> 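Take a look at the following structure, please.
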Amino acid sequence: MAGSASVVTLAVRDLAVQFGGVAALGGVSFEVSPGTITSVIGPNGAGKTTAFNAITGYLRPARGEITWDGAPLTGLRPSAIARRGVVRTFQKTSVFPSLSVADNVTIGLHLRATAGFLDVVLGRRRIRDEERRLAADAEAIIAFVGLAHRRREIASALPYGEQRLVELAVALAAHPRLLLLDEPGAGMTSGEKDVVSELIRKIRGRGITVLLVEHDMRMVMGISDIVIVLNHGRVIAEGAPADIRTHPDVIRAYLGTTGDRA
Amino acid sequence: MIRLARGLGALLALTLPFWLANPYFLHVVIMAGIFGVLALSLNLLLGYTGQLSLGHAAFFGIGAYTSALLTLRLEWSFWLALPGAVALTALAGWLIGRLALKLRGAYFVLVTISFAGVISLVSVNWMELTNGPLGLPGVPAPELGPWSLRAKSAYYYLVLAGVALSYLVCARLVGSRIGRAFLALRENEPLAESVGVDVTHYLVLAAVVSAGLAGLAGGLYAHYTRFVSPEVFLFTYTVTMVVMVVAGGKGTLAGPLVGALLFTALPEALRLATSWQWQMLAYGVLLVLLVFFLPRGIVPALAAWRARRAS
Amino acid sequence: MEQLLQHLVNGLVLGGTYALLGIGLTLIFGLMNVVNFAHGEFYTLGAYAAFAALALGGVDFVVAVLAAIGAGALLGALCERVLLRPLRAESIDTTMLVMIGVWIAMQNGELLVWGGVAKSIPHPFPTAPLVLGPVSIAPLRVFVLVLAAGLIAASYLLIHRTKLGRAMRATFQDRDTAALMGVRISRIHTATFAFGSALAAAAGALLGPVFLAYPSMGDLAALKAFCVVILGGLGNLPGATLGGLLLGIAEELGAGYVSSGYRDAVGFVIIILVLLLRPSGLFAREERIG
Amino acid sequence: MLNRWVPVVLVVLLAGALLTPAGFAQAPVKIGVIQPLSGPVAASGNYVRMGAEIARDWINARGGIGGRKVELVIEDNKSDPKEAASAAEKLIVRDRVPAIMGAWGSSMTLAAMPKLEEYGVPMVVETSSAASITKRGNPWIFRISPPSEMEALGLERYVAKLGVKRADFLAVNTDWGRGAVGAFGDMLKKKGAAVGAAEFMDQAATDMNAQITKIKATGGDTLFLTTAVEQITLVMKQAQEQRLGRKIITTGGSSSPTQLIKQAGAAAEGSYHILFFMPWFPEAMPDGKLAKAFVDEWNKRGHPFEGLTEGFRGHDGIATIAEAIKAARKDEPKAIRDALWKVSLMGVNGPIRFEKDGPAGKESGQSKPSIFVVQIKDGKVALPDFLAQK
Amino acid sequence: MTAPEGGPLLRVEELHAAYGPVAALRGLDLTVGQGELVCLIGANGAGKTSTLRAISGLLPAARGRILFDGRPIHAAEPAEILEAGIAHCPEGRRVFPYLTVQENLEMGAYVRRDRHAVAEDLERVCTHFPILAERRRQMAGTLSGGEQQMLAIARALMARPRLILFDEPSLGLAPTLVETTFEIIADIRRRGTTVLMVEQNAYGALRMADRGYVMETGRIVLAGPARALLDDDHVRRAYLGG
């Protein structure tokens with residue numbers, strides 16, 4: 001997996017998204033430094049997933065600019081954004097449900113294959129070689145996320161935690177340079193969460209920048225280099241995990257107020 | 001086991017005219033073959049991309065008319081007219097694919113129905129081109145060098161080649177990056193987009209190939225019955241195709257062929273089994289029962305049964 | 001001008017019945033996500049039920065229409081309970097295929113029972129047309145239009161003023177929350193299918209005397225009903241009503257001024273245009289029922 | 001549990017279809033019949049079938065053909081050409097019928113025709129009206145119904161008496177309707193009458209108000225109407241509602257005035273109908289006795305009276321084939337074909353005798369049927385004044 | 001019919017439930033006494049909403065028991081549970097956007113057959129929530145977030161429940177509205193209706209509750225009097241890690 005820590009950055013400037021007149025994001029700006037694990041946190045409805053959707057082309061922002069590697073992503077379709085190396089996962093488990101784990105990952109390898117219609121229909125040899133290579137790549141990725149023993153099984157029949165791993169494998173197969181993970185730990189047992197945390201570190205180790213949205217603070221605080229806190233569609237804090245945990249605005253946003261109401 | 005069955009099946013298909021002496025049965029098998037191509041074609045859209053086209057009779061009809069008109073009016077050889085028919089229907093498929101790009105589910109269905117409706121009315125009313133409801137009689141039988149493929153056994157091999165070709169195209173697509181993109185579109189469109197699958201591109205491609213294959217079936221049909229009339233656009237043709245695909249098992253390669261064989265033979269079997277008053281009634285009831293008890297289709301049910309037995 | 005007025009009046013009468021068919025279908029399609037290919041067969045059923053009641057039972061015309069409505073509701077409820085409820089978890093093509101089977105079986109069952117010869121359904125109205133300036137219209141058609149309007153109004157009342165209708169709308173908007181309110185979703189489905197089928201049967205009973213009753217009469221009717229549903233948007237009653245009228249008038253004008261051979265193309269072209277330009281239907285506000 | 005037996009039943013049915021040995025029964029003489037017994041034109045197809053059954057029973061009552069009973073093998077073409085071709089194939093190959101009667105609509109007949117040529121089996125065409133059927137050079141086709149041109153020619157001598165000066169057309173959008181509009185239009189132009197609008201309707205259409213409104217604006221005096229009796233009923237009712245006020249002449253012989261009187265009532269009053277059988281006055285038919293006997297038999301069987309104008313075709317078709325088999329002395333297709341060229345018999349419609357039609361060397365047979373015109377007067381079917389006076 | 005004096009109104013024992021392959025509840029135990037206000041807190045995804053959905057019959061229980069007033073209800077349909085006296089005011093308010101305010105309220109009384117009493121309750125609710133009376137003929141979807149929350153609460157009250165389940169009543173509301181909402185809930189309890197409430201605003205909820213439960217990954221990890229939980233560092237860790 002290419003793309004080591006270079007000058008590549010994701011920059012979000014003044015991003016605003018409206019849903020039927022209601023501002024879901026009211027002008028958010030942040031940057032993601034290469035080679036880091038950056039987390040976006042915030043209470044429910046803070047606009048985290050909305051930001052993800054806008055960055056990856058699933059939502060059209062009302063205003064603002066998103067640049068990746070110096071070039072704007074705004075207005076591109078999700079598949080075009082993926083082609084530029086920005087790949088995401090989804091909050092709700094999102095696999096290709098009735099296909100096997102291996103097929104799931106091989107679909108993820110779409111961009112790494114080149115076969116066109118004629119190549120396929122004419123059954124060219126090049127394609128057979130390519131298919132073999134893809135199968136090997138898929139095996140490697142499945143092994144990387146630790147699902148080698150599950151490769152023939154149907155994705156939707158796997159336990160939840162393993163489905164999330166399939167999802168991660170699919171995203172990795174798409175050759176990301178920036179990987180956006182939307183609540184990778186949601187609904188997992190703490191043991192499973194540890195596995196995912198470890199995986200995320202390994203992914204960063206391969207030179208992939210990670211941006212994640214997560215609710216589990218133990219997980220966030222454990223793996224993040226930088227934490228960005230959103231509330232009511234705005235950034236309220238940004239910094240290292242230790243600073244965030246004691247930040248008064250963050251505590252108020254999360255737990256409400258203890259005694260006297262502000 | 002499976003390989004043995006496949007080998008036997010292939011041998012059976014290749015030698016069929018030699019031991020199936022009765023041309024009526026051969027006729028049924030030829031019709032099953034033509035519908036097999038149609039079912040494979042529809043399956044590409046319905047089974048793999050998950051989009052139901054209820055306008056497939058339009059592609060079938062366009063193919064039949066194109067091939068018939070090219071041979072009748074321009075006196076092209078069958079061997080040129082048939083690819084011509086495939087090309088034109090593929091173009092029509094491209095058009096529909098582009099039009100319905102953003103539409104999914106029921107809306108896609110309705111656009112395809114409407115498209116078929118318009119085309120069908122054009123075939124009835126554009127007298128100068130299609131000879132309207134009078135139809136086009138005298139479509140020539142294909143000739144191969146000095147031989148005419150008019151005989152049933154000869155035409156059987158032509159249709160068999162058509163089925164084999166269609167099956168090959170489908171099988172190769174399905175086993176490739178393109179087929180996986182179709183599946184991704186059916187299974188989870190947002191996820192497919194997120195890993196770089198340009199779903200609209202692949203939807204259009206699926207529509208083009210599917211339409212092209214339906215056009216091939218249309219051409220084969222026209223030169224077999226040697227008469228084309230606007231009835232080729234009848235909605236019942238589309239319904240028959242859907243029945244074949246869904247009952248056989250959508251999203252499997254063998255399902256459409258099994259469905260085509262079964263549902264071409266069934267009406268003929270009913271012709272023998274019961275008097276004409278009861279035939280269609282029985283057909284409807286059998287269809288309801290089949291779907292009710294095997295909602296996923298015959299081939300997947302068999303596969304599940306085998307898997308159960310194996311474990 | 002004279003001709004235009006007549007075309008408009010014709011279109012209005014035709015459109016009223018399209019609306020009646022469309023309303024039933026839009027409820028079924030919108031609420032249950034079932035592409036009901038058998039909808040036209042309930043229309044046919046209504047016509048034959050009215051014929052049986054009038055010609056064989058010798059009852060009053062209005063009683064015959066009521067009998068047809070009852071028959072439609074009963075068979076619709078049965079169909080939902082026996083065939084659709086067990087398949088609710090299956091995909092939309094599976095239920096569609098079952099309804100295709102029902103369509104074929106019902107149509108051929110009707111052929112078996114009634115024979116292929118069209119039945120003329122007697123009615124108590126004079127045949128001489130009412131003449132209003134340049135426009136003329138048969139009293140029966142006026143009656144049909146009035147009754148269709150009445151049935152459409154009754155549907156509105158049912159959907160908007162009754163507990164059942166409220167539950168239907170709530171279910172359409174938010175199934176889970178409706179269940180939390182104590183709505184039994186399967187009952188709502190049965191009721192919706194029965195109601196939609198009853199409306200189709202009513203349309204059949206009303207139009208039977210205007211036209212004729214024969215086994216395949218439902219095919220074209222179902223097609224028009226689908227056009228109306230798309231025009232109006234899923235589950236949208238005012239949309240279906242307006243859509244029906246619009247389709248009726250557009251067809252009349254298309255046949256009158258363009259080409260009668262392409263008459264049925266008008267609906268198809270409208271569907272294609274509407275779906276391309278406004279995929280949620282011409283009159284759709286949002287997807288909702290009512 | 002139940003899902004086990006469904007595939008079993010299907011497989012058994014399939015196996016039954018493929019394995020049942022073809023019948024080789026020697027005793028009865030088989031005659032194939034292909035008619036639309038279901039689908040939109042099922043009513044007409046069934047009437048023809050009823051007529052064919054009368055012919056069969058009569059022949060058998062008289063001792064059959066050379067001592068062998070006649071057996072009809074009846075197939076439904078579902079009003080679909082593909083099915084017509086399949087049915088022909090099945091009749092010829094599986095049932096080994098030596099001759100067929102069929103297949104009602106022209107597109108169905110045209111679709112079945114290549115099969116006849118392929119296997120060399122003659123077919124007597126009892127209803128189809130498209131000119132192309134006998135012009136195609138298919139030497140296995142023998143038609144006893146008139147093509148539209150012949151029908152138009154039959155009306156030619158009455159045009160002046162009917163007072164047709166400016167005519168409009170409303171026809172079903174099928175081969176039959178299109179053909180009739182062309183043929184009658186040509187004939188009228190030749191006779192110096194003006195031709196106005198030519199409007200078409202879908203076979204399944206029920207609301208023809210738009211077409212009527214349009215026709216109303218042309219200012220003609222006569223409307224030629226070509227379609228099945230159901231649509232004729234609807235057009236008449238709707239024309240009355242719109243006060244069209246035209247002389248209506250229906251063509252094609254399928255109009256069944258009795259049914260029109262019953263179903264269209266006053267709307268049918270005054271209309272003229274071109275028919276090939278007049279069951280109201282059988283004695284006025286070329287063979288009055290035969291016609292009377294046919295009407296009586298039909299009524300005795302409880303068949304609807306309005307079906308007679310279609311039903312006679314079935315009788316005449318089967319009678320023609322039986323006559324040919326008798327002349328050929330064997331039920332062998334080629335022999336029957338050759339014999340058909342020589343038959344001369346009296347049908348319910350009138351004399352049946354085939355003349356050559358179509359390209360030289362491959363001619364089809366065309367009989368010249370009798371053509372009649374009746375009028376609905378005072379709620380009854382009557383001969384038009386200009387005929388009655390004679 | 002009532003439970004023995006002092007016995008719990010609701011008792012959940014060893015409850016397991018799942019969405020397909022996804023386990024949501026893994027052996028949950030909790031009780032709610034007659035007249036209590038109990039709050040259930042925990043981080044997102046801990047299974048709080050699933051607990052409420054299981055109690056009201058939307059999420060079928062795989063194992064374990066739910067007893068209401070001593071009667072098992074874990075196999076009952078939502079309608080039966082509602083009839084037994086448990087109303088559920090769901091997360092995100094979930095008013096029916098295209099029903100009017102009045103129709104939404106009437107939906108709340110869907111299972112009741114005492115028409116006159118329903119009409120009276122309707123009037124009572126309207127005097128209680130004057131803003132709803134004002135908007136009675138308006139589509140619920142056009143109300144503001146706070147108004148929708150009032151409507152959702154009022155709708156739940158229309159069933160005349162003995163126990164109300166509140167799921168995140170403060171979610172997405174402005175601070176002053178959070179205050180109001182909590183006051184209304186406290187008021188409902190004062191009038192004798194038992195309340196089980198799921199809240200993300202943990203401190204706010206604990207301040208008004210009698211007892212609290214802290215959930216993590218589908219089970220209860222901490223229980224106790226609300227006051228005690230307020231000072232327990234475990235709660236803060238459950239939300240913010242550390």
Side-chain angles (χ1 to χ4, degrees), chain C residues 2-11 13-14 17-18 107-108 111-112 115-122 126-131 135-141 207 209-221 223 248 251-264 266, chain D residues 36-47 78-79 170-171 173 177-178 197-217 228-231 233-234 236-244 256 259-260 262-267 269 303-304 306-307 310:
Chain C
E2 233 170 75
Q3 205 184 340
L4 178 69
L5 271 177
Q6 182 72 47
H7 278 310
L8 287 176
V9 168
N10 298 342
V13 176
L14 191 64
T17 53
Y18 285 172
Q107 186 167 121
N108 286 280
L111 182 67
L112 202 62
V117 183
K119 305 277 184 208
S120 175
I121 301 177
T127 48
L130 298 171
V131 178
V135 176
S136 64
I137 182 170
L140 175 63
R141 281 183 184 248
L207 285 189
V210 176
F211 304 131
L212 295 162
Y214 53 94
S216 58
M217 67 188 280
D219 295 357
L220 199 66
L223 194 67
E251 275 188 2
E252 283 294 320
L253 295 181
Y257 294 104
V258 186
S259 156
S260 49
Y262 283 106
R263 167 184 196 131
D264 292 314
V266 173
Chain D
L37 302 173
S38 61
V41 290
S44 300
N46 278 302
Y47 291 147
K78 299 170 190 161
S79 314
L170 179 54
N173 203 352
R178 291 265 179 186
E199 293 296 314
F200 295 97
M201 52 201 162
D202 187 84
Q203 212 166 17
T206 46
D207 192 312
M208 272 65 75
N209 273 310
Q211 288 93 326
I212 292 168
T213 306
K214 202 166 162 185
I215 288 168
K216 198 175 164 187
V229 62
E230 288 83 4
Q231 263 183 341
T233 310
L234 296 175
M236 285 181 158
K237 282 191 190 170
Q238 290 163 18
Q240 184 200 29
E241 286 166 19
Q242 290 209 25
R243 296 168 301 148
L244 181 66
S256 182
Q259 189 173 339
L260 290 175
K262 219 192 278 176
Q263 302 199 334
E269 189 61 27
H303 296 332
E306 54 267 34
E310 290 273 1

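Since the model is a prediction, treat every value here as computed from it, not as a measurement. The figures that follow rest on heavy atoms only: side chains count, while hydrogens, waters and symmetry mates do not. So that the names make sense, note that chain A is the first sequence line, chain B the second, and so on, each numbered from 1.
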> Got a sec, which residues hit salt bridge (Lys or Arg N to Asp or Glu O under 4.0 Å) with D:Glu269, two or more places apart in sequence or on another chain?
none
> Rounded to the nearest 0.5 Å, what separation is found between the CG atom of D:Asp207 and the OH atom of C:Tyr18?
6.5 Å
> CD of C:Gln6 to CZ of D:Arg243: how many Å apart, nearest 0.5 Å?
7.5 Å
> Would you mind checking which part of D:Asn209 comes under 4.5 Å of any heavy atom in chain C, side chain (CB onward), backbone (N, CA, C, O), both or neither?
both
> State, yes or no, whether a side-chain contact exists between C:Asn10 and D:Gln242 at a heavy-atom distance under 4.5 Å.
yes
> Could you have a look at D:Gln238, D:Met208, D:Gln231 and say which one has the most heavy-atom pairs with chain C under 4.5 angstrom?
D:Gln238
> D:Thr206: which residues meet the side chain to side chain contact (heavy atoms under 4.5 Å, CB included) condition with it, sequence neighbours left out?
C:Phe211, C:Tyr214, D:Leu234
> Quick check on the interface: out of C:Ser216, C:Ala221, C:Ala138, C:Pro215, who has the most heavy-atom pairs with chain D under 4.5 Å?
C:Ala138
> What part of C:Val131 gets within 4.5 angstrom of chain D, counting heavy atoms only: side chain, backbone, both, or neither?
side chain
> Between C:Pro209 and chain D, with a heavy-atom cut-off of 4.5 Å, which part of the residue counts as in contact: side chain, backbone, both or neither?
backbone
> Would you give the length of the straight line joining atom CG of C:Leu111 to atom CG of D:Asn46, rounded to the nearest 0.5 angstrom?
7.0 Å
> Heavy-atom distance under 4.5 Å to chain D: side chain of C:Val135, backbone, both or neither?
backbone
> Among C:Arg141, C:Lys119, C:Met217, who wins on heavy-atom pairs under 4.5 Å with chain D?
C:Arg141
> Looking only at non-hydrogen atoms, find the nearest pair between D:Thr213 and C:His7 and report the distance.
CB-CE1, 3.5 Å
> Of all of D:Gln259, D:Lys216, D:Glu199, D:Lys262, which one pairs up most often with chain C through heavy atoms under 4.5 Å apart?
D:Glu199
> Taking atom OG of C:Ser136 and atom CD of D:Gln240, what is their separation to the nearest 0.5 Å?
9.5 Å
> Side-chain contact test, heavy atoms from C-beta onward, threshold under 4.5 Å: evaluate it for C:Glu252 versus D:Gln211 and give yes or no.
no
> If you take all heavy atoms of D:Ala210 and C:Gly256, which pair is closest and at what distance?
CB-N, 4.1 Å
> Examine whether an atom of D:Ser44 lies under 4.5 Å from a heavy atom of chain C, and if so say whether it belongs to the side chain, the backbone or both; otherwise answer neither.
neither
> Can you tell which part of C:Ser120 gets under 4.5 Å to a heavy atom of chain D, answering side chain, backbone, both or neither?
both
> With the side chain counted from C-beta on, respond yes when D:Glu241 and C:Ile137 share a heavy-atom pair under 4.5 Å apart, and no when they do not.
no
> What option among D:Met201, D:Glu306, D:Lys237 has the most heavy-atom pairs under 4.5 Å with chain C?
D:Lys237
